[in-house]
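The structure appears right after this line, and notes come after that.
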Protein chains: 2
Amino acid sequence: MTTISDVAKKAKVSTATVSRVLNNSDKVRPATRDRVGEIIKELNFVPNVNALGLQRKKTKTIGLIFPDASAYYFAEIIQGINRHLSQNDHQILISSAHDEEEEIKTINGFVKGGRIDGLIMMMPSASDYKGLMIPLINNKIPVVLIACEIDAPRATTLLLDNYNSAKEMVHHLSDLGHKRIAFIHGGKHNYDAKERYRGYVDGRKEFQLEEREELEVVGNFTEASGYQSTITLMQRNPRPTAIFAANDAMAIGAIEAARVLKLSVPLDLAIVGFDDISSAAYTDPGLTTVHVPLRRLGHLAAESILKNLNMDPSERTTEKIIIPLQQVIRKSCGSKQESV
Amino acid sequence: MTTISDVAKKAKVSTATVSRVLNNSDKVRPATRDRVGEIIKELNFVPNVNALGLQRKKTKTIGLIFPDASAYYFAEIIQGINRHLSQNDHQILISSAHDEEEEIKTINGFVKGGRIDGLIMMMPSASDYKGLMIPLINNKIPVVLIACEIDAPRATTLLLDNYNSAKEMVHHLSDLGHKRIAFIHGGKHNYDAKERYRGYVDGRKEFQLEEREELEVVGNFTEASGYQSTITLMQRNPRPTAIFAANDAMAIGAIEAARVLKLSVPLDLAIVGFDDISSAAYTDPGLTTVHVPLRRLGHLAAESILKNLNMDPSERTTEKIIIPLQQVIRKSCGSKQESV
DNA sequence: CTGAAAGCGCTTACAG
DNA sequence: CTGAAAGCGCTTACAG
């Protein structure tokens, strides 16, 4: 490994000077700057990041915590984050933990170990994050929370407008004449799922639809659970005329279940989802859903982190950004006009 | 930030002693070990990773390079890698670059900057990686290559048995009576796609099927391209009786195209894919495909890295591991018996 | 068993 | 404009 003193020796200057040209300091004579620059090139010298980190207390790396599940969902977000961050010369250190306790330990290690400059957290099933936020706040590194509601002072929280979009979906179904709309929940602990459910509940109230408990069933965001939930729902009495699945994967399972039950979608049963994953356009019938701009979400997270990185901790504000979502009308809801 | 000397001061010992208890050195008296341990706990002390890295020349982080595309595919692999690595106290630094040149620069920075201890690369469209491998070999960090064939001495290469599985799929279709099997290619530069194509070509030769060029069309691994490719194929004369798509997303697009063309799958047209993504079981009809164990792939990559990390560079061997794949028979091929 | 000291590879105030 | 020196937070041979 070539070090700064190798360069210094070869260029017959001090390491301080090499350091200065490395950092584009203006107080270095052009002639020596060029000479040293040559040697740096020649030796293919890259400064040691650990030494830099130790000195500057900045590592140019952002920690990224994400849950173990829903790989697809998070992958897209990560790509969005990564693209923006790497353009700005920052790296991503990822970690995916199973439970909260492990998560707290990881974060604590990252932050107190000086491994990261900022943190982006996606943990939709967060519960009590007081204990989690404390080390972060104390250490004053910027934090972005994606899809979880935690009281986090001076952090940026990025939220999808699940609630209004879900309500709007109920509205749409109601407009199509449905009175008995079932909901397949994504999981009691998932933030997005809970918000979508809340929108559903308020929507059916607002549009004066049936409100019985038999219209609700809990899945876990997988196709299999959507399938099973639909079988269950259709055995109940009275049957729903429409099913609103909290995500597309479950909606896909629901469509398959309808097929097995010999029900026509949307004639016998309307089915709608949420997320607009790439195959939603290729189900039969095409799935009516809500588009979630995952990469953009990632991009926004990266932007926020970068902005706060260059800010004095005392100047950082508590931001909550709610991203409006677009309904995508296809055939599975029975609507005449498609939006795509 | 609390440092080792804060601990030392409070425990009334030298930093050397604190360091020793931190590293479980045996030459420290139990009494002092316990006392220092208490203080460490009390102060919630975590050693600074940059200082550690500078000293030990180990960062306990593994670099992970992956392409910009196919988020789903890679996300699962990453989860597999991460699970195993994090259990062994290692982190993952990710980077996804757009072109090779950028990739080489990134890798060079990671390695020469002392940022990583090992590297896992997924770049299915790698071409010439001589220039890329050189800094790695010189720096003697272990390397795992996933799904790309590069001549990389002392590296571990993890490959899917695309070739044989594709051939087997052709065999299966041939057994079902198909003579004219079309292939939707995944992209000229993608390793997996090329291997699957090779298996297809050799398979149709081996089973004496039609070999005309009109049976081939190039997609790009998306549903949309599978859809479009199928429309194209079915306009040709003579039409294929079966379509083998190089991945499931394209097969899903193909099924949709068949539907639009009012063709029954599998009666008028058999369709098979590759990957066995989670929704493949929920297409109509269920998609016959080849299961790719993504998490296992990730796990194997992590294992290899970890093994080589603890090995003298001179002892490292060049390994090529080919993972056999399992065919998954569902309805879309027209077979009577399903395997799942 | 424990401490003083040197060193890992950088940066930066200080002096010149 | 440039260099000597101290320091970032650790580890580890060396001496005791």
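In what follows, chains carry the letters A, B, and so on, assigned in the order in which the sequence lines appear, proteins first and then strands, with residues in each chain numbered from 1.
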Between dC8(D) (C1') and Leu54(A) (CG): distance, integer Å: 4 Å
Donor-acceptor pair, side chain of Arg154(B) and main chain of Ser314(B), under 3.5 angstrom: yes
Reading 5' to 3' through nucleotides 10-16 of chain D, protein heavy-atom contacts under 4.0 Å coded B for base, S for sugar-phosphate only, - for none: BBBB---
Partner set under salt bridge (charged side-chain N to carboxylate O under 4.0 Å, His left out) for Glu319(B), not counting sequence neighbours: Lys307(B)
Between C1' of dT2(D) and NZ of Lys12(A), the distance in whole Å: 16 Å
Span that lies between the P atom of dC10(D) and that of dC14(D), in whole angstrom: 24 Å
Check: Arg296(A) and Ile323(A) side chains under 4.5 Å, non-hydrogen atoms: yes
Nearest-angstrom distance from the residue atom CG of Asn50(A) to C1' of dG9(D): 12 Å
Check: Asn190(B) side chain, Asp192(B) main-chain N or O, donor-acceptor pair, under 3.5 Å: yes
Stems formed with participation of DNA chain C [Watson-Crick or G-U wobble, under 3.5 Å, three or more pairs]: C:1-3 with D:14-16, C:5-12 with D:5-12, C:14-16 with D:1-3
Side chain proximity check, Asn48(B) to Thr3(B), heavy atoms < 4.5 angstrom: no
Nearest-angstrom distance, C1' atom, dT12(C) to dG16(C): 16 Å
Integer-rounded Å distance: dG9(C) P and Lys58(A) NZ: 24 Å
Asp117(A) side chain to Thr59(A) backbone, donor-acceptor under 3.5 Å: yes
Length of the line joining Arg35(A):CZ and dC1(D):C1', which is rounded to integer Å: 12 Å
Main-chain N/O of Ala11(A) paired with Arg35(A) side-chain donor or acceptor, under 3.5 Å: yes
Heavy-atom side-chain proximity of Ile120(B) to Ile77(B) below 4.5 angstrom: no
